Amino acid sequence: MSDFTSLPDLAARTLGGSVTAASDESFEEKENLINPWPPAFRPATFGPKGQEYDGWETRRRREPGHDWALIRLGLPGVIRGVVIDTAWFKGNYPPHASVEARAADGNPGDPSGAGWVEIVPKSPLRGDTAHAFPVDAERLFTHVRLNMFPDGGIARIRVHGDVVPDPAFLTGMTVDLAALENGARVLDCSDMFYSSPDNMLFPGLPRNQAEGWETARRRAPGNEWALVRLAAPGTIRVAEIDTTHLKFNAPAEVSLTAPDGTVLLPRTRLQPDARHRFRVETPEVSHVRVDIHPDGGLARLRLWGHLSAEGERRLTERHRDLLR
């Protein structure tokens with residue numbers, strides 16, 4: 001998982017992202033930029049504004065300047081890379097694009113205001129292509145501005161990075177230590193044939209079985225597993241294992257262990273398409289291994305508990321250091 005595209009898309013609508021403003025959206029709406037599904041296209045689907053595209057498309061610019069869109073990240077964090085995807089835009093894509101970012105409270109409605117940092121310089125684009133741009137900026141951002149020169153259509157923007165939660169909403173409270181929005185991540189797993197294990201850590205309820213973690217059918221001895229790095233070290237009091245929508249492909253059993261082998265939840269029978277809650281008393285842990293026996297899928301994993309003093313200190317210091 002070394003490629004930055006394996007990191008969460010901080011701008012995704014499923015994580016709370018929003019396109020708050022754009023210079024123009026004459027042909028296609030700005031909100032399409034952060035749709036979580038791959039761009040789709042059906043030829044010869046002409047509406048009142050012309051051929052329909054699954055993306056953001058502006059009018060043909062006849063005056064100086066360029067078009068732009070402002071995106072509020074669903075989860076603030078350190079941006080490691082950006083993907084600008086011109087899928088299906090073949091004769092109407094912009095020849096160049098750039099990306100800027102900033103940290104701000106609320107929505108910075110003025111695109112010309114101060115505080116913007118260029119994280120992707122003005123770069124050439126090709127039509128019908130996903131362009132990946134690594135980003136080297138070790139600081140916290142809450143918004144990005146996508147600029148295209150001068151006009152045209154872009155299907156998607158993906159803003160991949162590390163989540164940096166605000167410790168003010170975590171310290172001294174009962175929190176989900178396994179929540180992606182609190183900074184947890186899946187570091188490794190045995191199999192993710194159908195979907196990413198990070199899906200287990202997403203907020204909200206899954207709409208279908210594709211929004212969880214599902215492995216291939218295991219034909220060899222053993223079982224599948226995922227290693228979760230918690231938001232910060234802490235103690236777990238409730239483990240919630242959710243198999244919602246997994247009716248014929250839920251695991252038979254699940255177990256939770258700490259890296260040193262300490263059993264946090266012994267091997268326990270699961271029901272399909274059901275939410276399971278278990279009271280546990282764990283020592284302080286920073287990582288949890290989830291074993292599913294023998295294979296299958298989990299919709300959500302919630303590990304409710306309390307940050308340790310060391311965990312609170314780490315979160316507070318990191319947030320402070322990255323806000324500069």
Side-chain angles (χ1 to χ4, degrees), residues 1-4 6-12 15-17 71-82 99-108 114-119 134-144 159-188 197-198 200-203 226-239 258-260 262 264 282-289 301-324:
M1 295 188 177
S2 58
D3 181 8
F4 73 73
S6 68
L7 296 170
D9 177 9
L10 305 178
L15 294 178
I71 298 146
R72 185 190 68 236
L73 302 181
L75 299 177
V78 178
I79 299 171
R80 304 299 184 188
V82 174
V99 181
E100 297 163 284
R102 67 171 297 182
D105 293 328
N107 290 322
W116 292 99
V117 176
E118 187 177 70
I119 59 173
V135 172
D136 182 15
E138 198 67 24
R139 56 187 294 184
L140 186 149
F141 294 115
T142 61
H143 296 73
V144 296
V159 183
H160 297 278
D162 298 317
V163 178
V164 180
D166 187 343
F169 298 100
L170 299 178
T171 56
M173 301 176 67
T174 300
V175 297
D176 180 5
L177 298 172
L180 185 69
E181 62 185 339
N182 293 337
R185 276 295 318 279
V186 174
L187 299 183
D188 200 2
D198 264 341
M200 295 187 296
L201 315 184
F202 269 45
L227 179 63
V228 180
R229 184 199 66 209
L230 302 182
T235 54
I236 303 168
R237 293 295 174 259
V238 174
D260 64 0
T262 300
L264 309 178
T282 76
E284 181 181 321
V285 291
S286 59
H287 297 70
V288 171
R289 173 170 160 142
L301 171 71
R302 309 291 189 210
L303 299 176
W304 298 96
H306 305 91
L307 296 172
S308 66
E310 174 64 14
E312 291 188 355
R313 184 189 65 80
R314 288 187 193 180
L315 284 181
T316 301
E317 289 184 355
R318 184 170 188 239
H319 188 264
R320 180 197 63 209
D321 292 344
L322 292 171
L323 268 179
R324 56 182 174 83

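Keep in mind the model is a prediction, meaning the values are calculated, not measured.
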- Message: Would L177 and L307 count as a side-chain contact (heavy atoms from CB on, under 4.5 Å) here? Give the steps.
- Response: CA-CA 8 Å; L177 298 172; L307 296 172; 3.6 Å; yes
- Task: Report the C-alpha distance between F141 and L10 in whole Å, list the side-chain angles of each, state the deciding distance to 0.1 Å, and finish with yes or no for side-chain contact (heavy atoms from CB on, under 4.5 Å).
- Result: CA-CA 10 Å; F141 294 115; L10 305 178; over 6 Å; no
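For the side chain to side chain contact (heavy atoms under 4.5 Å, CB included) test, residues two or more places apart in sequence or in another chain that qualify with A184 are L201. Checked against salt bridge (Lys or Arg N to Asp or Glu O under 4.0 Å), R313 has the following partners two or more places apart in sequence or in another chain: E310, E317. A search for side chain to side chain contact (heavy atoms under 4.5 Å, CB included) contacts involving D260 returns A258, T262, not counting sequence neighbours. Scanning for side chain to side chain contact (heavy atoms under 4.5 Å, CB included) contacts around P233 gives E284, S286, S308, R314, with sequence neighbours left out. Taking the salt bridge (Lys or Arg N to Asp or Glu O under 4.0 Å) definition, one finds that R318 meets it with nothing, sequence neighbours left out. Evaluation of the side chain to side chain donor-acceptor pair (under 3.5 Å) rule for R289 yields D291 as partners, not counting sequence neighbours.
Summarising the geometry, atom CG belonging to D321 is positioned 13.0 Å from atom CZ belonging to R139; distances are rounded to the nearest 0.5 Å. In this structure, the separation between CG on L227 and CG on D188 is 7.0 Å, given to the nearest 0.5 Å. The CG atom of L301 lies 12.0 Å from the CG atom of L180; values are rounded to the nearest 0.5 Å. Atom CD1 in I236 sits 5.5 Å away from atom CG in L230 (nearest 0.5 Å). The distance from the CZ atom of R237 to the OG1 atom of T282 is 5.5 Å, given to the nearest 0.5 Å. Rounded to the nearest 0.5 angstrom, R185 CZ and D198 CG are separated by 4.0 Å.
A cation-pi contact links R102 to W116, judged by a cut-off of 6.0 Å to the six-membered ring centre and 45° from its axis.
Of the possible polar contacts, none joining the E138 side chain to the V78 backbone as a donor-acceptor pair under 3.5 Å is found. Between the side chain of D9 and the backbone N or O of V159 there is at least one donor-acceptor pair closer than 3.5 Å. No donor-acceptor pair closer than 3.5 Å links the side chain of T142 to the backbone N or O of P76. A distance-only check finds no donor-acceptor pair linking the side chain of H160 to the backbone of G81 [under 3.5 Å].
Sorted by first and then second residue, the pairs that involve residues 169-184 and meet side chain to side chain donor-acceptor pair (under 3.5 Å), not counting sequence neighbours, are T174-H306. Here salt bridge (Lys or Arg N to Asp or Glu O under 4.0 Å) pairs that include residues 164-175, with residues two or more places apart or in two chains, number zero.
The minimum heavy-atom distance linking M200 with A226 is given by the pair CE-CB, 4.3 Å. Shortest non-hydrogen contact noted between P167 and H319 is CD-CG, 3.4 Å. Contact record, R72 with H143: CG-NE2, 3.5 Å, taken as the closest heavy-atom pair. Contact record, G161 with L7: O-CB, 3.7 Å, taken as the closest heavy-atom pair.
The residue from D3, D136, D162 that alone fulfils the side chain to side chain contact (heavy atoms under 4.5 Å, CB included) condition with R80 is D162.
Under the 4.5 Å side-chain criterion, counting only non-hydrogen atoms from C-beta, P165 is in contact with L170. Residues V144 and I79 meet the side-chain proximity criterion, which asks for heavy atoms closer than 4.5 Å. Side-chain contact check for L264 versus P283: some heavy-atom pair is nearer than 4.5 Å.
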